[in-house]
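This chain uses plain numbering: 1 for the first residue, then up along the sequence. On a predicted model such as this, the values are computed, not experimentally measured, just so you know. As the structure lists them, so they are numbered: ligands from 1, and atoms in each ligand from 1. For the numbers below, each heavy atom of this structure counts, side chains included, while hydrogens, waters and symmetry mates do not.
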Amino acid sequence: MRAAEGSNRTARTDEAWWHSAVVYQIYPRSFADSNNDGIGDLPGIVAHLDHIAGLGIDVIWLSPVYRSPQTDNGYDISDYQDVDPLFGTLEDLDVLIDAVHARGMKFVMDLVVNHTSDEHPWFVQSRQSRTGPKADWYFWRDARPGTVGGEPGSEPNNWGSAFSGSAWQWSPDRGQFYLHLFSARQPDLNWDNPAVRDAIFAMMNWWLDRGIDGFRMDVINFISKDPELPDGSVTDSGYGDGMPYFAHGPQIHAYLAEMRRRVFDGRPDTYLTVGEMPGVTPEQAREFTDRVHGHLAMVFQFEHVSLDHDGDKWTTRKVTVSDLRETLGRWQEALADAGWNSLYWNNHDQPRAVSRFGDDTTYWRESATALATVLHLHRGTPYVYQGEELGMTNVPFDDIASFRDVESLNHYADQTQRLRVEPRVVLDALRRSGRDNARTPMQWTGDPGAGFSDAPPWIPVNPNHCWLNAASQVDDPDSIYQYYRALIALRHSEPVVVSGDFTLLDVRSETVYAFRRRLGDQVIDVVANLSVERVTAASVDLGTDGILIGNYPSDRRLVGALEPWEARAYRR
Ligand code: TEU
Ligand code: CA
């Protein structure tokens, strides 16, 4: 860790609290198991809160712990106002919320209201009758005219599900199909029904009254669909792409504005709200996150995490530094004077960034810290996904039996059975892009269970835990953990990091990512060599003075050149 001590220059007063915050995402199944059933839980999180507080984190985002049959690991909820016994009780959650607040951190829950579980009483009732109380709380449609309901080709339209297969499931009880953009056990809610919105806003208010500080909102830009539900253009999957008809639908602004009005506006505090929005553009994000006219504090966009494939996540494509510069730079520019960016490399749906964009072998530490330097010094709110602060990597699963994720298992079945693709070919894709890469148990120690559990874990531990773990890093000044701590401290001590404008610096290099942050007379230059070659960078002073933070020891820094995966931030 090489950081100059903080200055007490003040940030701009109109900054929202989350502008200077750093968020830590917890995936509860994989964080810490306190009762040795091999599955992470709430008391396990409480027991490790100091690891997170030790980083200087301001906000914890907890992925779903609500009652759920766990088809999609909790993103399929059967009771929004109760905790699944797997994770504990509502009382356990209150203890966690209090423990987080006692450490000066805020607590954000995951809101999954584009769909419920098919075990949610709302759906159970809705399926029972076409005229019952919840009859149109979901998207029910008759079979395509002239077809036999339930037969292939009888689906109301040709949309494909994100988890392979059709987006429609036949229900013999009701004699109709219901829509599910994700698994068949995640039926989409019909937000066009005001009673659905009433129930959801009441539930959100119930949670805010329990003392949480905001929501991360799951695929929130999918809640308004084109009422015609027209066919989409057919893709390689053989199904139609429904995105143009269910992303940013006709009522999206009306429903989010109603949410803001009926849940957040009347309250004294301000809440962190981040909307996950696949397919959102910078222009749309600017509108959604405008401080005055917008509805959300920020959104999660997907452009930079889609650079290494051609739209189908199971394909692969080389990512260049200029791709990253171009994409992230465009988002910085678009939200420079209105709206606000979220900043992330990792989450529970993405493979580990150090393996994906970095080098998880020779330059593991350097690439993990270089990527972190670039991300954390951009303008926006950084998110750290559990294990990222340790440099956790993708996992070399060599057998389909090790995988757990419904998206990956459905894809494997679909490719090997329907298209007769070689299993090892599909396994390659799962190893590279599968979500289980992010979901292996947190590596606390080098012990057999990685300090996660003494019981066999629900998903295998990454074998590299024997050397890659928290115990070997938290007290090591040169560790990735300590480097994240220093980066986060910079955001808290340097107003320019929070409020400074952003300018990409053209250093005429294929592999150097360089930019400037400026706030009045405060200027910081960030230069990062995202390659294994030593490089020089034109028109940027690479001296050894004024270095705020750098991931190479000072005695190894060259004047005028950057070592492989070296990153530096200069106060100019
Ligand atoms: O993810 C939505 C989403 O965009 C992802 O499904 C993405 O397309 C895919 O993971 C890329 O591989 C949210 C949650 O984050 C995810 O965990 C859930 O599975 C999904 O919604 C359904 O709730
Ligand atoms: Ca447990």
Side-chain angles (χ1 to χ4, degrees), residues 25 27-47 61 63-66 68 70-77 83-89 92 110-117 160-164 167 180-189 216-223 241-243 246-247 274-280 299-303 305-306 308-309 311-315 344 346-351 356 383 385 404-411 429-430 432-439 441-442 449 452-458:
Q25 179 193 0
Y27 195 70
R29 282 182 81 90
S30 306
F31 194 69
D33 176 18
S34 69
N35 61 350
N36 288 322
D37 62 354
I39 298 177
D41 49 54
L42 296 173
I45 299 174
V46 173
W61 152 29
S63 277
V65 292
Y66 313 94
S68 162
Q70 302 291 319
T71 302
D72 187 16
N73 293 353
Y75 282 91
D76 51 313
I77 297 168
V83 169
D84 195 283
L86 268 180
F87 300 120
T89 64
D92 289 332
D110 212 311
L111 180 79
V112 187
V113 289
N114 171 71
H115 45 268
T116 68
S117 163
S161 154
F163 295 162
S164 302
H180 59 87
L181 295 181
F182 295 93
S183 91
R185 303 208 56 201
Q186 292 167 295
D188 280 55
L189 277 165
R216 176 266 185 191
M217 305 181 185
D218 195 61
V219 282
I220 201 70
N221 61 329
F222 289 179
I223 60 177
D241 173 14
M243 275 284 267
F246 63 69
V274 54
E276 183 205 27
M277 292 195 172
V280 70
V299 300
F300 286 133
Q301 52 95 2
F302 284 64
E303 291 189 9
V305 292
S306 308
D308 57 355
H309 59 73
D312 168 356
K313 67 172 285 175
W314 304 114
T315 62
Y344 72 96
N346 291 284
N347 62 37
H348 62 293
D349 290 336
Q350 303 296 331
R356 183 185 197 181
Y383 288 72
Y385 176 66
R404 300 285 181 273
D405 172 26
V406 59
E407 180 188 53
S408 294
L409 296 174
N410 285 7
H411 178 67
L430 296 188
R432 187 184 54 246
S433 311
R435 307 190 300 178
D436 283 327
N437 281 306
R439 301 173 180 191
M442 184 65 174
F452 166 75
S453 176
D454 299 334
W458 71 277

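A donor-acceptor pair shorter than 3.5 Å can be found between the side chains of Ser34 and Asp41. For the 3.5 Å distance criterion, the side chains of Asp218 and Asn114 fail to qualify, holding no donor opposite an acceptor. Defined by atom type and a distance below 3.5 Å, a donor-acceptor pair is missing between the side-chain atoms of Asn346 and Tyr383.
The side-chain tip of Arg404 does not point at the ring of Trp458 from less than 6.0 angstrom away and within 45° of straight on.
In this structure, ligand 1 sits under 4.0 Å from heavy atoms belonging to Asp72, Tyr75, His115, Phe163, Phe182, Gln186, Arg216, Asp218, Val219, Glu276, Pro278, Phe302, Lys313, His348, Asp349, Glu407, Arg435, Arg439.
Taking the six-membered ring for Trp and the full ring otherwise, Trp314 and His309 have centroids separated by 6.0 Å or more.
A pairwise comparison of heavy atoms in Ile220 and Met277 identifies CG2-CE, 3.7 Å as the closest pair. In terms of heavy-atom proximity, Gln70 sits nearest to Asp76 at N-OD2, 3.3 Å.
If you count the protein N, O or S atoms nearer to the Ca ion (ligand 2) than 3.0 Å, you get 5.
One finds no salt bridge joining Asp349 and Lys313 here, because no Lys/Arg side-chain nitrogen approaches an Asp/Glu carboxylate oxygen to under 4.0 Å.
Among Tyr344, Phe300, Tyr27, Tyr385, the one residue that satisfies the ring pair (Phe, Tyr, Trp, His ring centres under 6.0 Å) test with Trp61 is Phe300.
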